[in-house]
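Worksheet: one structure, shown below.
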Amino acid sequence: MAIQLFDSLSRTLKPLKASQPDGVIRFYNCGPTVYAAAHIGNFRTFVVNDVIRRLLELEFGAAKVKHVRNLTDVDDKTIRRSQEEGRSLADVTKQWTEKFWADCKALNCLSPHEEPRAADPKYLKAQVNMIDVLLEKGNAYRSADGSVYFKVNSFPEYGALSRVKERDLQLGSALAGKPQTADADEKEDGSDFALWKAWKAEDGPNKWPGPHGASEGRPGWHIECSAMSKAILGETIDLHTGGVDLLFPHHENEIAQSQCCNGTTFANHWYHSEHLLVDGKKMSKSLGNLYTLDQLTAMGHSPMALRYALLMGHPRKQLNFTLDSLHAAESALKTLREYRATLPETTTGAHEVFGHVLTSLNDDLNTPAALGALFTIVNRKGGEADRASFDRVMFALGLDLKVEAPKAAVPAEITALAEKRWAAKQAKDFATADTLRKELTAAGWAMLDRKDGYSLEKAKS
RNA sequence: GGCGCGGUAGCCAAGUGGUAAGGCCGAGGUCUGCAAAACCUCUAUGCGCCGGUUCAAUUCCGGCCCGCGCCUCCA
């Protein structure tokens, strides 16, 4: 079964296919802003996109997939962070880019083939060039302060993706109390958006030569994706993805810029993954319900458990994350590990045994159905499966069964108690052994006996 | 106010016009000095509420209640 995904623009399920004669699937995934550690909600999107990447490779072959994910390393947040910390922008964004890569690796995400940076001189130039074209064509205008804005009413199709039409007339209660953005006065129309932002004192040393007739400054957020996807993948891409919150205005604006500039369809397929919720609400610093991967591993959870937990819900439905779901994921991974050990090494070509798992994934990325189908087979315990076919499914899901929860360091006093108990047990002094076990349990440690020795595990927080 | 999504067992979560996948937890059992692991068995007459269509609805239609997200730079 060919991969089909929901397309946000047509609102239908559509098969993914290459539009160019070379047969390469051009896949662009909106990446992170590198000013802090990405949280697990961000990683839901990146894990989901990683599964898409893997499914594409399985269907079309690794050589026929070109996966691009940008790094936003120049914007309000990155600049503000660098100014606050008195460090260069490059220094700050390098730090968080490397952290992002490390987290992605821990979550077993394949690296995109290219990860263009918005502040890369090569791509800054591409962005400026694109803005120049938009100015020439009359889709953009300069404001008094030397910024450049996109003229939304110059693009009649604006709003097709988000279906937000005549928004200005519909601004209701939810927006009424919000302050106007600082640059509102510079715009001809409230729905216009910045392509180029003129330098301000608070930007510090961060400024670059702008488009014709504009001041020194920096690119607006949306233009980077339009310019970099064009530079690397060409004017028309086959799949463009991101979190739902990017649907408007980010992706709507990308369409407007790219199509006005290039005169061609920007993306043939749009896919958006839903939010991860924590405690029933979207994660936010103000609610204090924001988790990072580091926080979870510090609690003794493995990154793979997080990956599994993120796949437990349908990617196009909000998923409420809880620490309990992490425990469930760990238990499920353990079962899979044990199941794999029972499988014969030889390949019998039994891929069809797991056919339903792949079919579920290919059918709009139904990860929960796929996991359900997987465990139905695991529970059968029949001998029809083999490791090669099982590993193929693990590849598709990106589950690396070799990764286990990090072992907590055992304090010396715990080791001492365990040694005493082991000695008592060997001497068949079970009363003493049981007392010591209770002490260990009270201290939060479980002592697991084997024939020839023991191991210690810390209770999960 | 506009746009969109969702409400299925203790928790998470698929799904179908013909009577509810799967995971976690829990219970019982086998095994075992104890504990753990492993293995076996069990766990929704029910799918937010009220109507309607139908031989038959959790699944289609209408209304209602509740929750969540987006509405100019949040994945």
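Naming: A, B, ... by sequence-line order, numbering from 1 per chain.
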Hey, is the side chain of A:N320 poking within less than 4.0 Å of OP1 or OP2 on B:G6, counting only N and O atoms?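 Negative; the distance criterion is not met.
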
Please check the phosphate of B:G69 (OP1 and OP2 only) for any side-chain N or O of A:K281 closer than 4.0 Å.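 No, outside the criterion.
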
Which sits closer to the 5' end of RNA chain B, A:T376 or A:G41, going by the nucleotide each is nearest to?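 Nearest nucleotide further toward 5': that of A:T376.
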
Using a 4.0 Å heavy-atom cut-off across all strands, classify [X] as base, sugar-phosphate, or nothing.
X: A:L277; value: sugar-phosphate
X: A:E338; value: sugar-phosphate
X: A:G280; value: sugar-phosphate
X: A:G372; value: base
X: A:H314; value: sugar-phosphate

May I ask you to verify whether the side chain of A:R316 and the base of B:G69 hold a donor-acceptor pair under 3.5 Å?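 No.
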
Can you check the A:Y158 OH to B:C71 C1' distance for me, whole Å?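 Result: 11 Å.
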
Taking CG from A:L9 and C1' from B:G4, how many angstroms apart are they, rounded to a whole number?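 To the nearest whole Å, that distance equals 15 Å.
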
For RNA chain B, the dot-bracket notation using Watson-Crick and G-U wobble pairs below 3.5 Å, [ ] for pseudoknot-type crossings and | for other-strand pairs, is (((((((..(((.....[...))).(((((.......))))).....(((((..]....))))))))))))....

Near-strand residues of residues 429-441 of chain A, defined as heavy-atom separation under 4.0 angstrom from RNA chain B: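 By residue number: A:F430, A:D434, A:R437.
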
